[in-house]
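Source: prediction; values computed, not measured. The first residue in the sequence is number 1, and the count goes up from there.
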Amino acid sequence: MVLKDLFFNTESTEIFVNREDINNFLNQAEAAQRVLSTHQGAGHDFLGWESLPSDIEDWTLQRIQNDVQRLSTRCEVFVVIGIGGSYLGARAVIEALQSELSHLIPHGGHPLVLYAGHTLDEDYYAQLLSVLDSHDYGVAVISKSGTTTEPAVAFRIIKHHLEQKYGKDEAQQRIIAITDAHKGALHTIAEQEHYTSYVIPDNVGGRFSVLTPVGLLPIAMAGYNITKLIEGARHAQHIYRNSPAGGNAALQYAAYRNALYNKGFKVEMLTNFTPALRYFSEWWKQLYGESEGKEGKGILPHSLSFTTDLHSMGQYMQEGERHIMETVISIAKGKQHVGIPMDNQNLDGINYLVTKSLTEINHCAEQGTIEAHRDGGVPVMRIELPILNEYTLGQLIYFCEYACGISGYMLGVNPFNQPGVEAYKKNMFRLLGKE
């Protein structure tokens with residue numbers, strides 16, 4: 001089979017769920033799809049992401065490109081300030097597409113993207129400021145309210161540094177605010193300081209915002225094709241919103257994971273054999289954890305990166321408590337080729353591999369792992385992509401978002417709120433003496 005689009009493979013799951021169960025959950029997925037499409041479910045006022053790929057206009061993409069061109073000529077580094085959904089989606093795409101050694105490799109005229117606002121660690125900010133002392137830089141600050149502690153602290157520190165380094169007028173030209181259209185502290189600051197601004201739509205929650213300027217501007221700043229990203233998402237939108245469960249990978253994914261959850265598989269391990277997908281896994285964990293972990297319910301999302309983690313967590317995956325399901329993101333083809341040279345002594349015993357590409361070896365490791373985990377009692381689903389690029393990542397993002405909305409409704413929760421996130425903030429404010 002020549003893979004052209006995202007494909008959902010359940011062949012290593014079938015022994016764990018019978019056909020009657022799957023048909024029942026596919027019917028539930030179609031019922032949830034009707035609730036989602038008619039905007040009748042809980043949280044329906046946060047469904048802007050569902051039509052976002054087709055709603056976003058070419059002039060918005062062009063405006064982003066214009067700002068990227070303007071800042072790329074004066075910035076070696078671009079700092080993205082945000083936390084959770086305000087930065088994870090962009091980082092997931094950027095790190096999936098860039099070199100693992102990007103900090104050592106020229107960026108073709110595009111700045112190196114760094115991150116702030118996702119931590120309160122003092123040493124991190126001292127190190128970041130040291131980098132910014134010696135490099136020209138710009139900033140995108142991303143927050144609907146402007147008062148979330150982590151990004152607010154980061155922005156105040158970096159704004160002060162930027163103004164000290166360049167002066168207030170030049171600093172204003174190097175800051176882009178992505179925030180609420182009408183209200184909030186950051187909206188007010190952006191208006192007062194005359195920053196270039198983009199809007200976070202009112203009906204799109206943070207963890208679903210990667211296909212808004214929240215994600216698109218940093219991705220474009222890093223040098224990647226946001227038009228192709230949107231095209232891939234549009235293709236996925238057309239398929240998943242209009243296809244019945246039998247031909248709908250997103251509905252099938254939601255159905256299988258809920259069927260397995262119903263059988264006691266309470267943890268979903270997202271794994272991959274491509275290190276570049278590490279931050280995609282982090283975005284996916286927020287998407288599903290924040291959407292489903294409510295009311296004493298929800299599959300716990302976790303992730304591992306293979307083959308690296310097979311040498312640390314492989315034992316537990318193989319023989320630990322059998323409450324884990326696994327979803328593998330599988331990439332059919334690499335973008336480059338590296339061969340294994342012949343060695344006449346062959347002391348390491350790997351001359352038998354010299355006729356094979358690293359991609360072929362990696363795929364054998366992947367298939368061998370899937371078979372071992374399945375035989376060890378772990379149901380394994382596989383999300384297959386033909387290659388890792390902007391178009392396929394657009395498909396994958398929309399696939400995950402759409403399946404998440406369906407799965408949350410199947411679980412009986414509101415997938416679009418996050419009431420539990422406020423608990424730690426209240427305690428932190430109390431301990432800091434905030435009135």
Side-chain angles (χ1 to χ4, degrees), residues 6 49 77-105 107 110-119 121 124 128 140 142 150-151 154 178 205-226 228-229 232-233 268-291 300-309 312-313 326-331 334-335 383 385 387-401 403-404:
L6 183 151
W49 60 270
V77 169
F78 192 75
V79 183
V80 176
I81 300 174
I83 195 167
S86 294
Y87 97 105
L88 271 176
R91 190 166 190 175
V93 174
I94 291 168
E95 300 214 6
L97 295 172
Q98 73 181 8
S99 165
E100 287 284 292
L101 307 174
S102 60
H103 59 293
L104 298 174
I105 297 173
H107 286 73
H110 290 275
L112 175 67
V113 176
L114 300 177
Y115 303 92
H118 60 303
T119 180
D121 182 72
Y124 179 84
L128 178 61
I142 306 168
E150 294 91 338
I178 305 175
R207 59 190 177 275
F208 290 87
S209 67
V210 60
L211 298 177
T212 74
V214 168
L216 296 177
L217 187 131
I219 292 165
M221 193 67 70
Y224 300 109
N225 191 326
I226 56 175
K228 290 293 184 184
L229 186 77
E268 182 176 9
M269 195 70 69
L270 188 73
T271 64
N272 65 79
F273 287 73
T274 305
L277 288 171
R278 175 190 167 198
Y279 268 91
F280 188 90
S281 297
E282 295 301 312
W283 172 78
W284 172 88
K285 284 194 288 190
Q286 185 200 2
L287 180 67
Y288 280 84
E290 202 166 75
S291 296
L300 174 63
H302 196 19
S303 64
L304 294 172
S305 183
F306 293 157
T307 60
T308 303
D309 289 334
S312 58
M313 288 292 291
E326 183 176 2
T327 300
V328 179
I329 301 179
S330 178
I331 311 300
K335 289 178 281 190
I383 300 167
L385 295 176
I387 196 168
L388 201 56
N389 60 26
E390 292 94 331
Y391 186 84
T392 59
L393 280 167
Q395 289 186 23
L396 183 60
I397 287 166
Y398 194 86
F399 166 86
C400 290
E401 290 180 344
C404 183

Separation of [Y] [atom2] from [X] [atom1] (nearest 0.5 Å):
| X | Y | atom1 | atom2 | answer |
| --- | --- | --- | --- | --- |
| Tyr279 | Ser303 | OH | OG | 10.5 Å |
| His118 | Leu88 | NE2 | CG | 9.0 Å |
| Ser86 | Ile178 | OG | CD1 | 9.0 Å |
| Ile383 | Leu6 | CD1 | CG | 6.5 Å |
| Ile331 | Asn272 | CD1 | CG | 8.0 Å |

Under the side chain to side chain donor-acceptor pair (under 3.5 Å) test, which residues partner [X], sequence neighbours left out?
| X | answer |
| --- | --- |
| Thr327 | Glu268 |
| Gln395 | Asp5 |
| Thr274 | none |
| Glu390 | none |

Using only atom types and a distance under 3.5 Å, with no angle test, would you say the side chain of Thr392 pairs donor to acceptor with the backbone of Ile387?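 Checking the backbone N and O of Ile387 against the side chain of Thr392, a donor-acceptor pair under 3.5 Å is found.
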Please, which pairs that meet salt bridge (Lys or Arg N to Asp or Glu O under 4.0 Å) have at least one residue in residues 269-284, sequence neighbours excluded?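 Listed once each, the pairs are Glu282-Lys285.
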Taking only residues at least two apart or on different chains, which pairs with a member in residues 90-99 satisfy salt bridge (Lys or Arg N to Asp or Glu O under 4.0 Å)?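 Qualifying pairs: Arg91-Glu95.
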Closest approach of [X] and [Y], non-hydrogen atoms and distance?
| X | Y | answer |
| --- | --- | --- |
| Gly117 | Ile81 | CA-CG2, 4.2 Å |
| Trp284 | Cys400 | CD1-SG, 4.2 Å |
| Val79 | Ala116 | CG1-CB, 3.9 Å |

Any chance you could lay out the side chain to side chain contact (heavy atoms under 4.5 Å, CB included) test for Trp283 and Ile397, step after step, and finish with the verdict? CA-CA 10 Å; Trp283 172 78; Ile397 287 166; 4.0 Å; yes
Ring pair (Phe, Tyr, Trp, His ring centres under 6.0 Å) with Tyr115: which residues, sequence neighbours excluded?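 Applying ring pair (Phe, Tyr, Trp, His ring centres under 6.0 Å) to Tyr115 gives Tyr87.
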Just to verify, what does Phe273 make a ring pair (Phe, Tyr, Trp, His ring centres under 6.0 Å) with, not counting sequence neighbours?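 Phe273: ring pair (Phe, Tyr, Trp, His ring centres under 6.0 Å) contacts with Phe306.
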Who pairs with [X] by side-chain contact (heavy atoms from CB on, under 4.5 Å), at least two apart in sequence or on another chain?
| X | answer |
| --- | --- |
| Leu114 | Val77, Leu112, Leu128, Val131 |
| Thr119 | Asp121, Tyr124, Tyr125 |
| Ala96 | Leu277, Leu388, Leu393 |

With a 3.5 Å cut-off and sequence neighbours excluded, list the donor-acceptor pairs that the side chains of residues 205-226 form with protein atoms.
{"unit_1": "Arg207", "atom_1": "NE", "unit_2": "Ser291", "atom_2": "OG", "d": "2.8"}
{"unit_1": "Arg207", "atom_1": "NH1", "unit_2": "Glu290", "atom_2": "OE1", "d": "2.9"}
{"unit_1": "Arg207", "atom_1": "NH1", "unit_2": "Gln418", "atom_2": "OE1", "d": "2.5"}
{"unit_1": "Arg207", "atom_1": "NH2", "unit_2": "Pro415", "atom_2": "O", "d": "2.7"}
{"unit_1": "Arg207", "atom_1": "NH2", "unit_2": "Asn417", "atom_2": "O", "d": "3.1"}
{"unit_1": "Ser209", "atom_1": "OG", "unit_2": "Gly85", "atom_2": "O", "d": "3.3"}
{"unit_1": "Ser209", "atom_1": "OG", "unit_2": "Gly206", "atom_2": "O", "d": "2.6"}
{"unit_1": "Thr212", "atom_1": "OG1", "unit_2": "Ser209", "atom_2": "O", "d": "2.7"}
{"unit_1": "Thr212", "atom_1": "OG1", "unit_2": "Val214", "atom_2": "N", "d": "3.1"}
{"unit_1": "Tyr224", "atom_1": "OH", "unit_2": "Gln98", "atom_2": "N", "d": "3.3"}
{"unit_1": "Asn225", "atom_1": "OD1", "unit_2": "Thr227", "atom_2": "N", "d": "3.0"}
{"unit_1": "Asn225", "atom_1": "OD1", "unit_2": "Lys228", "atom_2": "N", "d": "3.0"}

